[in-house]
Engineer: 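Let me begin by handing over the structure; questions about it come next.
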Amino acid sequence: PPATPGCESVVMKFGGSSLSNLERISYVAELVKRHVDAGYKPRAVVCSAMGKTTNSLISASEFALSQGQVQVESLQTLHMKTVRELGASNATRESVEALLQELESVLVGVRYIGELTPRTRDLIVSFGERLSVRIMAAALNSIGVPAQYFDAWTLGLRSTADFGNAEVLDGSYDAIRGIMNKLDDSCVAVVTGFIAQDDQGRITTLGRGGSDLTASVVGSALGVDEVQVWKDVDGIMTADPRLVAAARPVDAVSFEEASELAYFGAEVLHPISMMPAMRYNIPVRVKNSYNPPSPGTVIRDKRDANAGLVTAITSKSGVQLIDIVSTRMLGQHGFLARVFDVFEESKLSVDVVATSEVSISLTLDKANRERGEADRLMQRLLEFSEVTIKDDRAIVSLIADVLRSSEVMAIVFNAFAAHGIQVEMLSQGASKVNISIIVHKDQAVKAVRLLHSCFFEGGCPNPDDDDA
């Protein structure tokens, strides 16, 4: 569709599955061209590595370390075959060949030194995005869209030196704006996602948020009308379509709603990737590269005024429910502080909390517990409290209009009571958009499907139909 007035300037981001081979890269290039022809002005196209290249690079680095062998043949074949079939220029071919040779040299170094530091791992991983943007720029140029590839740091993207999980430095925004505003508007900048450089020029990876974060930073720095994140789904869904066949895309959500959805199980955008856009109030639209006509979901600063009681439902399994009751005098000062001090010492983050003066119920997810701190945590808690642990729980979260939470909860509890679903814990923040309910994992899917029927499919089903 033609660009909407006031929404022409965009940053477009494409992930690895959208760039997995020549066919997909050519498709994405045509998609960008159609946007240009429709009146959009893509200030940047941010690219992830091709397909599963990042995983292949990690495997190659570990293989060089543990087995003393350098194996990059499959990566060389994928990228050089794509370059040849694309009919790219000699300059592109030479640039890709040079990167592949450099990669092989780094892996040879790992083999001989017998060491793989976080810094070297980031360097190795960076080759995926660096190869990808060179090929994507060539694909755009081949169909008449002027394009130039850029490693993100050449445009001013700088990060901390926390290899593997670096954070973008605030100075990046002014630097990116200053450099990119000098570029030719008619030329599309094809930019590496996921990677940056620290102030000493060492390559880093951005960890959580990845290429989505790069797009958000670039879009925020340039003040574009919209950041488009192209995935393989039609946007943020009312529920996981793998669990609920009737799940449908949500037209619009707030940044806060999207963050809560991501944290509690919806695998669309990481909350960190949205922070720059939230800070600069730049709308982010999640679109489907396999279904471009779909409008997707727009994420912006305020909740959609036309949204219903509930925006979406999500679930998170593998949860442990912990009840902690003070063994000291009623109302003892400092009980809550002591509990959270113990969690801080153990470096364990809590998902959901419900408290009273002398008791706390909270949840830990599986990833936290597997880090080996759980036993030590329990020993510390038992010094001043009684602890009850319930495994195999799940969090079912409703992203809802909390100003009408009484209506929401009336529907939830009536439905759960009618269908035999036991609520073990409930948590709702005073100003948040999330209502979280803890149930046994065996009832989680049933709970999600039931609530989706209640809020999105015309009403709660009859208890006699309980095969759902």
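On a predicted model such as this, the values are computed, not experimentally measured, just so you know.
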Engineer: Once side-chain contact (heavy atoms from CB on, under 4.5 Å) is applied, do any residues pair with Gln443, and if so which ones, sequence neighbours excluded?
Structural biologist: Ile421, Gln422

Engineer: Give the intermediate values and the outcome of side chain to side chain donor-acceptor pair (under 3.5 Å) for residues Thr205 and Asp122.
Structural biologist: CA-CA 6 Å; Thr205 60; Asp122 276 9; 3.0 Å; yes

Engineer: Checking the side chain of His452 only, and the main-chain atoms of Val448 only, is there a donor and an acceptor separated by less than 3.5 Å?
Structural biologist: no

Engineer: Could you grab the distance from atom CD1 of Ile25 to atom OG of Ser20, nearest 0.5 Å is fine?
Structural biologist: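 Reported to 0.5 Å precision, the distance equals 8.0 Å.
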
Engineer: Just do the side chain to side chain donor-acceptor pair (under 3.5 Å) check on Ser95 and Arg134 with the steps written out, would you?
Structural biologist: CA-CA 8 Å; Ser95 179; Arg134 284 153 172 81; 2.9 Å; yes

Engineer: Test Thr82 against Asn21 for side chain to side chain contact (heavy atoms under 4.5 Å, CB included), laying out the working first.
Structural biologist: CA-CA 7 Å; Thr82 305; Asn21 52 40; 5.7 Å; no

Engineer: So among Ile299, Ile399, Asp251, Thr314, which one has a side chain to side chain contact (heavy atoms under 4.5 Å, CB included) with Ile236?
Structural biologist: Ile299

Engineer: Enter the distance from Ile195:CD1 to Arg130:CZ here, rounded to the nearest 0.5 Å.
Structural biologist: 6.5 Å

Engineer: When you look at CD1 of Ile389, are more than 12 heavy atoms from neighbouring residues, nucleotides or ligands closer to it than 6.0 Å?
Structural biologist: yes

Engineer: Checking Leu19 against Arg24 for the side chain to side chain contact (heavy atoms under 4.5 Å, CB included) test, could you report, in this order, the C-alpha distance in whole Å, the side-chain angles of both residues, the deciding distance, and whether it holds?
Structural biologist: CA-CA 5 Å; Leu19 306 169; Arg24 293 303 305 164; 5.7 Å; no

Engineer: Around atom CE of Met275, are there more than 12 heavy atoms from other residues, nucleotides or ligands closer than 6.0 Å?
Structural biologist: no

Engineer: Let me confirm one number: the CZ-NE2 distance from Arg393 to His440, rounded to the nearest 0.5 Å.
Structural biologist: 4.5 Å

Engineer: Within the structure provided, determine whether Leu398 and Asn434 are in side-chain contact (heavy-atom separation under 4.5 Å).
Structural biologist: no

Engineer: Sub-3.5 Å donor-acceptor pair from the side chain of Ser132 to the main-chain atoms of Ser48, do we have one?
Structural biologist: yes

Engineer: When rounded to the nearest 0.5 angstrom, what distance separates CE in Met136 from OG in Ser26?
Structural biologist: 8.0 Å

Engineer: The criterion is side-chain contact (heavy atoms from CB on, under 4.5 Å); which residues satisfy it with Arg119, sequence neighbours excluded?
Structural biologist: Thr117, Phe163, Arg202

Engineer: Is the Lys NZ or Arg CZ of Arg34 less than 6.0 Å from the centre of Tyr40's six-membered ring, within 45° of the axis?
Structural biologist: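 No, Arg34 and Tyr40 do not form such a contact.
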
Engineer: The criterion is side-chain hydrogen bond (donor to acceptor under 3.5 Å, both in side chains); which residues satisfy it with Thr204, sequence neighbours excluded?
Structural biologist: Ser159

Engineer: Closer than 3.5 angstrom, by distance alone: can the side chain of Arg285 be matched with the main-chain N or O of Val227 as a donor-acceptor pair?
Structural biologist: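 Between the backbone of Val227 and the side chain of Arg285 there is no qualifying donor-acceptor contact (under 3.5 Å).
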
Engineer: Sequence neighbours left out, what passes side-chain contact (heavy atoms from CB on, under 4.5 Å) with Thr214? Give chain and number order.
Structural biologist: Val46, Leu157, Leu206, Val218

Engineer: Test side chain to side chain contact (heavy atoms under 4.5 Å, CB included) on Lys13 and Lys231; report intermediate values, then the result.
Structural biologist: CA-CA 9 Å; Lys13 179 265 172 180; Lys231 302 279 187 180; 4.1 Å; yes

Engineer: Give a yes or no answer on whether the side chain of Thr297 reaches the backbone of Val250 with a donor-acceptor pair at less than 3.5 Å.
Structural biologist: yes

Engineer: Is Leu131 close to Leu100 at the side-chain level, that is, under 4.5 Å between some pair of heavy atoms?
Structural biologist: yes

Engineer: Short question: side chain of Ser259, backbone of Phe255 - any donor-acceptor pair under 3.5 Å?
Structural biologist: yes

Engineer: Does any pair with a residue in residues 178-230 pass ring pair (Phe, Tyr, Trp, His ring centres under 6.0 Å), and if so which ones, sequence neighbours excluded?
Structural biologist: Phe14-Trp230, His35-Trp230

Engineer: Side-chain contact, heavy-atom cut-off 4.5 Å: Ser397 with Ile435?
Structural biologist: no

Engineer: Kindly state whether the ring of Tyr27 and the ring of Tyr290 have centres lying under 6.0 angstrom apart.
Structural biologist: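 No; Tyr290 has its ring centre 6.0 Å or more from that of Tyr27.
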
Engineer: So, for Pro295 and Lys287, which heavy atoms are closest and what is the spacing to 0.1 Å?
Structural biologist: O-CD, 3.8 Å

Engineer: Taking CD in Glu73 as the centre, count heavy atoms belonging to other residues, nucleotides or ligands within less than 6.0 Å. Is the count above 12?
Structural biologist: yes

Engineer: Who pairs with Ser89 by side-chain contact (heavy atoms from CB on, under 4.5 Å), at least two apart in sequence or on another chain?
Structural biologist: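 Counting only residues at least two positions away or on another chain, Ser89 forms a side-chain contact (heavy atoms from CB on, under 4.5 Å) with Ala91, Thr92.
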
Engineer: For Ala221, does its backbone N or O pair with a side-chain atom of Arg177 as donor and acceptor, under 3.5 Å?
Structural biologist: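 Indeed, once roles are kept as given, a pair shorter than 3.5 Å links the two residues.
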
Engineer: State the CG-CD distance between Leu213 and Glu167, to the nearest 0.5 angstrom.
Structural biologist: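 The distance works out to 9.5 Å.
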
Engineer: Testing Asp392, Thr363, Asp391 for side chain to side chain donor-acceptor pair (under 3.5 Å) with Gln320, which one passes?
Structural biologist: Asp391

Engineer: Could you tell me whether the side chain of Val145 reaches within less than 4.5 Å of the side chain of Val188, counting heavy atoms only?
Structural biologist: yes

Engineer: Can you find a heavy atom in the side chain of Asp151 that is under 4.5 Å from one in the side chain of Val191?
Structural biologist: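 Not touching, per the 4.5 Å side-chain cut-off.
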
Engineer: Could you give the distance from CG (Leu140) to CD (Glu30), rounded to the nearest 0.5 Å?
Structural biologist: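 One gets 9.5 Å once the value is rounded to the nearest 0.5 Å.
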
